[in-house]
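Have a look at the structure below, then the notes.
Every chain is numbered from 1, with letters handed out A, B, ... down the list of sequences. Note that the structure is a prediction, hence the values are computed from the model and not measured.
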Amino acid sequence: MPSRNSINKPKDKILKNSHASTIGKRRSNRVRLSTRSSHGRYNDNTLPTPRDSKAVALYTGKIPITTELTTKTLSNKKAKKLARNQKYNEKRKELLTKDIDSKMEVEDEKKVKESEAEKLRVLLWNSIKSNDLSLFKKQPDTEGTTIGVQSF
Amino acid sequence: MNQLAIRQEDANILLHQKNILDEQVIDKYRTAGTITETGLNYAIDLINQIYHFKSRQPLSVSQLCLMIDSLLVNMLSKVYLKCEKSITNPTSFNVNEVVSNFSPELDDSNEYFFKEGDIITINLGVQIDGYNSNVSHTICIYPPGDKPIGPLLGGKADSIIANYLCTKIVIALLGLSMTPEKLPLEARKFGNVVNGSMIKHYVNYIAEQFNCRVIPGSEIRQIRRFLSGQNELLEEKGYKGIKWYESDEEINIINKLGGETNSITKIFGEDTVKHQKGDEEFIIKSGEIYQINLKVASINDFNEIGIITTETINEYTGVNNKVNEFKMKPTIFIRDFIMNYKLKLKASRNLISKIDKKYSVYPFKLNYLTSSFPMKNNSLQEMNEIKSQILDNKLGLNEILNHNLVNAKPIQVIKFLPYKSVLDNHSVTSMGVNVDKLIKNSNVITDKSIESTTVLINNLNNELIQLSNNFEPVYCQSQFKLVDPTVEQLFNSLNGKFGVKVKKVNALPIKEQMDLD
């Protein structure tokens with residue numbers, strides 16, 4: 001039989017064959033699931049129309065009975081990566097707890113300093129409340145001091 | 001901050017070579033000293049004649065200022081004819097609570113006179129070729145008579161005596177800087193040479209013995225040619241000196257109550273520590289010139305813990321709430337050469353060119369720019385001429401002031417700030433306390449004394465030359481007494497054969513100066 005590219009190719013025969021096969025495929029498809037238009041509006045057992053909602057989480061009637069949660073398998077590479085990250089996470093957690101401990105120590109020191117300043121404030125307030133001026137004022141002397149001469 | 005560009009070689013000549021004490025320089029200082037002493041003598045004489053002997057018609061403070069300034073300028077015109085000479089400190093009479101720059105002009109709306117019991121600080125200074133001598137001396141108005149009926153008593157006397165002794169001890173310590181081996185053993189705990197913390201300790205100590213405190217703004221500083229701290233607004237490169245701040249008194253209070261120094265630095269910030277460090281590093285060397293400016297106030301009348309501070313007065317103070325409050329426009333100005341501005345008004349351009357021609361870096365008053373100044377015979381006619389000419393100068397002043405080509409010197413009064421108000425308020429800043437916010441809680445202090453003098457540490461002859469303030473203090477008596485062997489020893493170093501040699505500069509007879517005119 002001459003090929004497709006030859007001058008005297010059997011054009012009609014090829015076209016007829018391909019046409020017949022596509023028609024055949026469509027027909028077989030139609031047999032498996034019928035469209036809504038051919039089976040009435042309320043028949044559920046039809047192909048979905050483009051208008052139908054595609055929401056995945058929406059309950060649409062029947063509950064499918066499946067035993068598997070996922071069809072994906074964990075690759076060896078991914079498994080190693082996860083294990084490695086877990087190790088790092090543990091280390092990080094250790095560091096964090098250490099940091100918190102040292103921070104607490106610094107805060108304790110600060111508290112000591114603040115309490116010093118607080119002590120000082122209390123000291124100052126007490127002295128002001130009691131108004132004890134003995135530290136700040138000298139007592140007069142019986143002799144006293146005289147300077148200058150009695151003339152202009 | 002803007003900076004003026006100066007060649008390094010010129011800077012070396014100006015800052016170092018021209019400041020080396022030699023015969024010529026010392027003579028210029030001495031001449032300046034003589035003129036300030038004569039001016040001070042004239043001021044005291046005028047006050048005696050008017051208020052004590054009643055032999056003269058009362059003159060207002062503005063007239064007194066003008067007469068003394070005229071005398072100073074007349075005297076300056078007869079010496080060192082080729083040098084630049086001027087007044088460095090327009091004569092001011094700081095009465096009672098006022099501590100600085102109270103020098104009213106003739107056209108001031110108020111006429112000020114003194115009254116009995118007033119404490120007056122006379123303040124003046126001149127320079128010859130940049131070498132200057134300043135003086136402040138505190139006197140008192142007694143009841144009229146040939147001599148004081150009795151000594152001045154109370155807080156006023158305390159502050160005058162305390163300041164007299166403080167100045168004396170600073171001079172003694174300056175003298176001992178030439179021979180530090182003669183320092184008393186007790187004083188050596190601050191160091192083997194005379195340093196800032198030693199001086200500050202003894203000044204504070206003496207003031208406290210009389211229930212007085214040193215007023216913030218007091219200063220002991222080195223002066224150089226044309227650099228005597230005349231412009232407070234400019235930061236001086238190579239400044240050397242010790243200054244008193246409000247925070248010094250706060251540290252004093254806390255130390256007395258038994259607080260620790262570390263915790264103080266935490267509360268009052270690091271600046272306090274910084275300038276304390278500066279005091280320790282400040283070491284006096286021979287061949288330097290020092291200006292001692294000590295202000296002391298008595299706190300005897302206040303029955304609570306507090307600190308002394310100063311408030312700047314302007315014409316607006318208390319306009320809304322206090323009727324009889326002292327308020328006054330500043331009258332002393334100083335040119336700021338760093339500022340540049342093209343003035344719009346003709347009057348201001350005229351004024352600034354006059355200022356630039358007549359006054360360089362030193363303060364001036366508007367009456368100095370009139371044609372009748374200096375007065376030749378202090379007549380009323382001359383005064384009236386000056387008064388009318390001041391008005392013309394005032395026209396241009398506002399624009400110049402607004403653009404900071406010229407700055408006004410602040411008039412300040414002393415205030416006592418109760419420590420309670422400091423603690424109540426949380427605005428504790430790094431420089432101690434934000435005083436401006438607390439000033440409303442303060443009270444006026446009138447018992448003050450200001451003494452200042454210029455001292456040369458002459459390394460050529462191993463002697464001190466005290467240029468000014470060689471006057472005896474006024475007759476006064478305090479209830480307190482200073483008993484301290486170390487201080488006694490320091491005072492004694494000023495006397496005797498082996499002690500510090502202090503040469504004094506004397507005033508010239510005023511009559512001769514006046515007759516020559």
Side-chain angles (χ1 to χ4, degrees), chain A residues 82 84-152, chain B residues 44-45 47-49 51-53 139-140 142 145-153 157-158 160-162 164-165 208-211 213 250 252-254 256-260 262-264 266-267 299-300 302-306 418-420 422-423 472-483:
Chain A
L82 286 173
R84 195 169 60 226
N85 281 347
Q86 209 170 359
K87 208 165 71 185
Y88 291 151
N89 277 341
E90 274 164 15
K91 273 192 181 172
R92 202 177 301 142
K93 262 185 197 168
E94 268 177 35
L95 268 176
L96 255 170
T97 46
K98 261 188 198 171
D99 265 8
I100 289 168
D101 284 351
S102 59
K103 261 186 194 170
M104 294 282 273
E105 274 171 27
V106 172
E107 269 177 19
D108 283 350
E109 269 176 35
K110 253 189 191 172
K111 267 181 195 165
V112 171
K113 276 179 194 170
E114 268 173 20
S115 68
E116 265 176 34
E118 200 53 47
K119 257 188 218 166
L120 192 66
R121 288 221 175 89
V122 170
L123 202 69
L124 286 168
W125 269 117
N126 283 344
S127 64
I128 280 162
K129 273 176 197 160
S130 63
N131 208 15
D132 179 18
L133 292 170
S134 58
L135 283 170
F136 298 94
K137 281 200 173 173
K138 298 282 172 219
Q139 288 307 311
D141 185 83
T142 43
E143 265 184 68
T145 317
T146 310
I147 56 165
V149 283
Q150 196 169 5
S151 72
F152 290 125
Chain B
I44 295 173
D45 197 48
I47 286 175
N48 279 342
Q49 284 179 27
Y51 295 97
H52 295 147
F53 307 138
I139 56 166
C140 172
Y142 290 92
D146 289 341
K147 57 179 188 177
I149 302 166
L152 179 69
L153 301 168
D158 294 343
I160 288 174
I161 294 174
Y164 169 71
L165 297 176
E208 270 176 31
Q209 300 309 306
F210 291 89
N211 277 352
R213 297 289 183 271
E250 284 171 329
N252 184 20
I253 290 173
I254 291 162
K256 280 203 169 135
L257 292 172
E260 285 171 34
N262 283 337
S263 47
I264 298 164
K266 291 290 176 303
I267 289 183
I299 54 161
N300 206 22
F302 297 95
N303 286 319
E304 55 185 327
I305 301 169
Y419 206 72
K420 187 175 178 293
V422 180
L423 282 183
E472 280 292 305
V474 290
Y475 185 42
C476 48
Q477 187 176 30
S478 167
Q479 292 176 298
F480 304 100
K481 200 181 177 187
L482 181 65
V483 190

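Between B/N252 and A/F136, the closest side-chain pair of non-hydrogen atoms is not below 4.5 Å.
Atom CD1 in B/I299 sits 6.0 Å away from atom NZ in A/K137 (nearest 0.5 Å). In this structure, CG on B/L257 lies 9.5 Å from CG on A/N126, to the nearest 0.5 angstrom. Atom CD1 of B/I305 is separated from atom OG of A/S130 by 7.0 Å, given to the nearest 0.5 angstrom. Remark: A/T146 OG1 to B/I161 CD1 distance equals 6.5 Å, nearest 0.5 Å.
In this structure, chain A has no heavy atom under 4.5 Å from any part of B/D45. Looking at B/I253, the atoms closer than 4.5 Å to chain A (heavy atoms on both sides) sit in the backbone and in the side chain alike. When heavy atoms are compared at a cutoff of 4.5 Å, A/L135 approaches chain B by way of both its backbone and its side chain. Of the two parts of B/Y51, neither the backbone nor the side chain holds a non-hydrogen atom closer than 4.5 Å to a non-hydrogen atom of chain A. For a residue to count as touching a neighbouring chain, one of its non-hydrogen atoms must lie under 4.5 Å from one of that chain's; by this rule B/D146 touches chain A with the backbone only.
In terms of heavy-atom pairs under 4.5 Å with chain B, the best-connected choice from A/I147, A/I128, A/L133 is A/I147.
Ring planes of A/F152 and B/H52: parallel class, angle under 30° (limits at 30 and 60°).
The closest donor-acceptor contact from the side chain of B/Q477 to the backbone of A/T145 lies at 3.5 Å or more, if one exists at all. Side-chain N or O atoms of A/S151 include none that pairs as donor or acceptor with a backbone N or O of B/K147 at under 3.5 Å. In this structure, the side chain of B/E472 does not engage the main chain of A/G148 through any donor-acceptor pair within 3.5 Å.
Minimum interatomic distance between B/I149 and A/Q150 (heavy atoms only, all atoms of both residues): O-NE2, 3.2 Å.
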Candidate pair B/K420 and A/W125, rule side chain to side chain contact (heavy atoms under 4.5 Å, CB included), full reasoning | CA-CA 8 Å; B/K420 187 175 178 293; A/W125 269 117; 4.0 Å; yes
